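Below: the structure, in structure tokens.
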Amino acid sequence: MSELVMQTGSGLSLIEWFQVKSGEKQECNVSGFLFLLVIDWIMRKATADNNTGIRWKFTSKLEDLDFADDIALISSSRQQIQTKTDRVNNITERTGLKFNTSKTQVMRIHPTSNAPISLDGKDLEEVDSFISQISQNIFKRFQNSSDEDIRRKKRQDVDQRKHEGEQSKEKEPNFIIGFASWTEATRASQGWTISVEDACSRPYSSGGEKELNEDIAPGVGIFKIISNDKANVEMISFVVHYTVEERASASGKVTFHNEKQGHKYLAVPVVSGAKIKGVTCFCLNENPLNGNPFSVEICVALRKKQLQLYSVTEDRLAHIRDVHISEPAIALSLDSTFICAALASQYCMIDFDSGNTQDLFPYDGENNKPLIKRISKEEFLLSGPSALGMFVTSAGVSQRPPLQWSENLVSISYVHPYIIAMNDEFITIHSILDQQQKQAIPFQGGTFMENFDGRLFVASGREIYCLVPVAWEKQVQALLQDKRVTEALELAKNANKTGSKDKYLKIYKRLQQQAAFIEFSQQHFEEAEDLFKAGQLDVREVICLYPKLMPSNSTFTRSVPPLHEIADIHQLTRGNDNLIKEYKTFLQQYLEDIKGSKEGVGFKQEIDTALLKLYAEMNSPELIPLIAVDTGCDLKDCVEWLEKFHRYHALALLYKYHSDHDKALHIWQRLVNKEIEDEVFPGLNFVIEYLSNLNDHELVWKYIDWVLTKDPENGVKIFTERPQNELPSERLRPETVIDYLHRFPKAVISYLEYLVFQKKLEKEKYHTHLAVLYLDTVLKLMKDSSSRKEEVDVARSKLRHMLQMSALYRVQLILGKAKEMDMHAECAILYGKLEEHDKALRILVHKLKDYGAAENYCMVNSQGKDPLYRKRLFHILLSVYLDPSHEHKDQLVRPAVELLNSNIADFDTIKVLQSLPENWSVSLLSQFLTQTVRKSMNLSRNTRIERMMSRGENLQVKQNCIEREREYVTMNDDRLCAVCSRAFSDPTFVRYPNGVVTHVHCARSKHICPVTGKLFSTKKS
Amino acid sequence: MEAGPVTTVEDLKVIILGDYNVGKTSFICRYIEGQFKPHDTTIGAAFFLKQWGPYNVAVWDTAGDERYTGLSSFYCRNAGAAILAFDMSIVSTYESLWARFIPLLDAAHEDCLKVVVGMKVDILTPGTREVTVEEARKFSREINDKLDLSKLPGDPYFETSSKSGLNVSEVFEYVFQYCLPLSDAQRKTQDQETVDLNNPLNSKPKSKCCSR
Ligand SMILES: Nc1nc2c(ncn2[C@@H]2O[C@H](COP(=O)(O)OP(=O)(O)OP(=O)(O)O)[C@@H](O)[C@H]2O)c(=O)[nH]1
Ligand SMILES: [Mg+2]
């Protein structure tokens, strides 16, 4: 790259420079202004539509730099600068002005052509530098400088830095501020780096100041000096122009190459009028309340214990306010309306709006110079006593703990999130977030340090450096390397989030994952889990650290570049069993946590397989529930694993889940047979239940024999507890089952009970079969003298219940047996079934003497039948009671009377009275008789009432009917008889209820309509 | 780029003052972290945030060394409560409380609650005790004579041990009960719909030093 800068103007020497400053060039301000207007016009004309400048930013070019009558034309080739010079000259001549060729010089930087450049036919003088002399002079002064910088918006939308200073009375610049330096970034383990030895970073020579700029785009710094003359204040600006190129060498090192492009000084008469004297220090308001972007607010401290506020615009310095203070201020900082000032021995906070002053704290002025740095809105950082960095808000309190600094700081600066402090040996870097020191860089003789739009420049007496932050990613990686996870993440979180948010989030997630593995490797499981989740880690990355836990068919490979250096947990724990166990517990918990959550989506198989294996290994109770529900596990892989750890029940369940019932059953069979063992296996009943729900009936038959031999009583449940909605199948037809079951008597009974009572199958065969079996049981028990009475009773009541409830069995068959065994109760029921009530009741009354049962019999057997049937039964009972042929008939008087007197039966009184023995006294029956009389009275009365009411109702209806049918019959000449169709001559006529009107003689019957033949009621009402 | 504003605005500032080595840092650490561990002597000050119900409490630990006195007074600004710590076996630490630390509290809130706390009770024996309970108790009442402590359980005086944890949280609860009457205030907001006619004043939470 080569560029040319050409400068013209009234010459360049130090003396002249100050002459310019004193404003003697033109007595009249207006004439100077007019001149500027003209020059501006010329330059715009000359450079319009021309591409003769240098690349400035990506889209714009820099054509010229002008101040007053000093004009610098800039181009990147000789051809261009010649063209531009000619154009400017032409246009200038049109305005009547003329270039002074003897004061016009050419400076070339890396020229490719040395051909001279001419103006008005004369070759121009060549120089190395426009202002080397000045700058060296300025630089000598640099060491005793104190400074502040002002940023301003200026023409051309570029970074321009202006620095202000105070000038001594000797008309020499008292201080200068601002410049910059190239620097070089090497990878350092953390924070910041500065390098002086590198070949590219040679100490700079002649020019004096260097400006580091964005990559290849050249930049301009304008440095200002305020001279504090007795008479007026002027600002002198000074332009240095460098290009800096960032190059990456083969080794990946980034170096900056800087090329000086030129120098120019500028003198700006700032104000007319305002005169500031005795300034001790001043500062710029970094958070001004007035929103004017073209003005800045400054505060000036005067020797006479006063602070003054000014508003500065391009051409005006307007006084705003005075604030009186108790001692002269040594340092100042300003934010909105708050001035933080260092007085002779202490700091104070002044609100210039309200005039309130708040003392903060003393500092020891001997060892430390007071420094004040505005950190953020209404917050300052102060160098306090005992080398503490104190944070103070405008309210006069602190909201962050202090920093621990070293003594003798000369400068502090702030680049988020770092506080950089410099003394003459070190630059120390603290984080504002945790107030801890992060780095110390040895740096001898530093005098000045400032943050220019995020770039940090450091000056020693001779050189200027740029402090380049190591990219935050690198810092974070370095911290992670040191296993400083929290710090690393904190840093990443607060990192300068330039670039796209998505990209940042991606990087941040990856960092979280890396951090997670570091925590993981240190057994900080909670932290690790949180980070795994936060970083949305692919769960397989974790599972694959555990040997064999991944599904055998998985093709997963770990992330590249690797997130960690862990081979597997065996390597990590060096085979320590306890640790391995902890890791496994962790994995289990982690997987349980993310299972089903959004982190686990898509990895069901991996998660379930790993969990299954872990559970199997640890013999966790969770294993069964895991298998019981939808598992994503691969069968083959898991079978091996479960077998290995003897989790047979789980294995069987897994087969079941995969519908391999035969295998499952086979395992259970072996478990029941104690060929293998698994303590969680619930036992045979589990298998029975399983079979009873199994819809593969062939398989049921395969195992039924084994089950029933083991446990016939429960085994039959396989048949009886079938699922409700199961479709009938050929293999499970009741006949088949009963046939099969005959070897297991108890099972048959259970099965028949199931058929009869539960399924309510109305087949005589089953009912009889069941009744016979019941009977057999009873008989067996009765024959066996050792059986207890209760047992027999239970068996008999079962039988009776069956006999009573069912009507389908073959009664005779049972009856024969029952009679044989004198089972009276059963016989009574059976006779009842045969409708032989007399026999039944006789048994109940005579044999069993159970009168209650007899009455009950009447009730039960008449249930759901005609009331007369019941009446008949009770009459039979009564006749049994009263049977004169019975030998103990006296005993039956009482139950007979009780029956009569009770209300349960409704007797036919006449019949009763006829059958009563004659010798019974009336008093015995008085209750019955009274009741009967009352009852029949009641009945007859009720009947009468009913009848009367019916009649009344009937009348009512009739009346209504008549009312409704009543209508007029109009008789006139037109009316003809419906029968003979002749007119009526008599006043008499006949009208039928259906409206037919006839002559009296034509009406043959009163009840039959002669026209329609309709029959009317013959009844008389 | 600027440092973001300090996000948590505290509802109460509690500051602990007392001579060096009396155990201030250990005391706060015991309360915040629940453990007792060795600390370097504090330089300048340190800062902890504590959630108390809905409130943020800023707890400032200061350095006891005399050379930080100027700073401590700065850190006292706007404090709603101060814990004055001394070592019961060293009478000079007790004397410094009124000689050196009470004056610093001028910068604190006007009705700043001052709780006197005797430290290291675990290693105290009758033989080593140099400050009597009565004396300290009386002192604690006197320095708070402008405040109404009638609602609080007992005098603002505690004897604690950071090593065993004895009485540590009690000190803070005492402070919060005075400055951030938490459960009361919350109960009242919940019951606000039902106004107690017999006691209408009760429904308004009393504004205390900290409810700015
Ligand atoms: N036995 C016992 N020792 C304690 C107790 N509290 C603090 N110490 C010890 O006292 C010493 C000082 O404790 P610090 O908490 O550092 O004291 P400090 O008041 O913060 O001191 P400065 O920061 O210098 O002002 C340490 O050695 C602690 O271990 C306590 O309750 N019991
Ligand atoms: Mg301490």
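Protein chains get the first letters and strands the later ones, always in sequence-line order, with residue 1 at the start of each. Only heavy atoms go into these numbers, but all of them, side chains included; no hydrogens, no water, no symmetry mates. Computed from a predicted structure; not experimentally measured.
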Lys/Arg-Asp/Glu bridge criterion (N-O < 4.0 Å) met for B/Glu110, B/Lys146: no

Contacts of B/Ser140 that satisfy side-chain contact (heavy atoms from CB on, under 4.5 Å) - sequence neighbours left out: B/Val116, B/Asp155, B/Pro156, B/Tyr157

Portion of A/Ala395 that has a non-hydrogen atom of chain B nearer than 4.5 angstrom: backbone

Contact origin within A/Glu378 toward chain B - heavy atom pairs under 4.5 Å: neither

Part of A/Pro362 lying under 4.5 Å from any heavy atom of chain B: side chain

Proximal to chain A - members of residues 92-108 of chain B, heavy-atom separation under 4.5 Å: none

Option that, when pairs with chain A are counted at under 4.5 Å, heavy atom only, ranks first among B/Trp60, B/Phe74, B/Tyr75: B/Phe74

Under 4.5 Å from a heavy atom of chain B, the part of A/Leu388 involved: side chain

Part of B/Ala45 lying under 4.5 Å from any heavy atom of chain A: both

B/Val115/B/Leu84 under side chain to side chain contact (heavy atoms under 4.5 Å, CB included): CA gap, chis, key distance, verdict: CA-CA 6 Å; B/Val115 185; B/Leu84 295 160; over 6 Å; no

Over-ring placement of B/Lys50 relative to B/Tyr31, 6.0 Å and 45° cut-offs: yes

Pick from A/Leu360, A/Leu403, A/Leu433 with the largest number of heavy-atom pairs that fall under 4.5 Å of chain B: A/Leu360

Part of A/Tyr363 lying under 4.5 Å from any heavy atom of chain B: neither

Test side chain to side chain donor-acceptor pair (under 3.5 Å) applied to B/Glu135 - qualifying residues, sequence neighbours left out: B/Thr132

Salt bridge (Lys or Arg N to Asp or Glu O under 4.0 Å) involving A/Glu297 - partner list, sequence neighbours excluded: none

B/Arg137/B/Glu142 salt bridge by N-O under 4.0 Å criterion: no

Single hit among A/Thr357, A/Thr337, A/Asn356 for side-chain hydrogen bond (donor to acceptor under 3.5 Å, both in side chains) with A/Asp351: A/Thr337

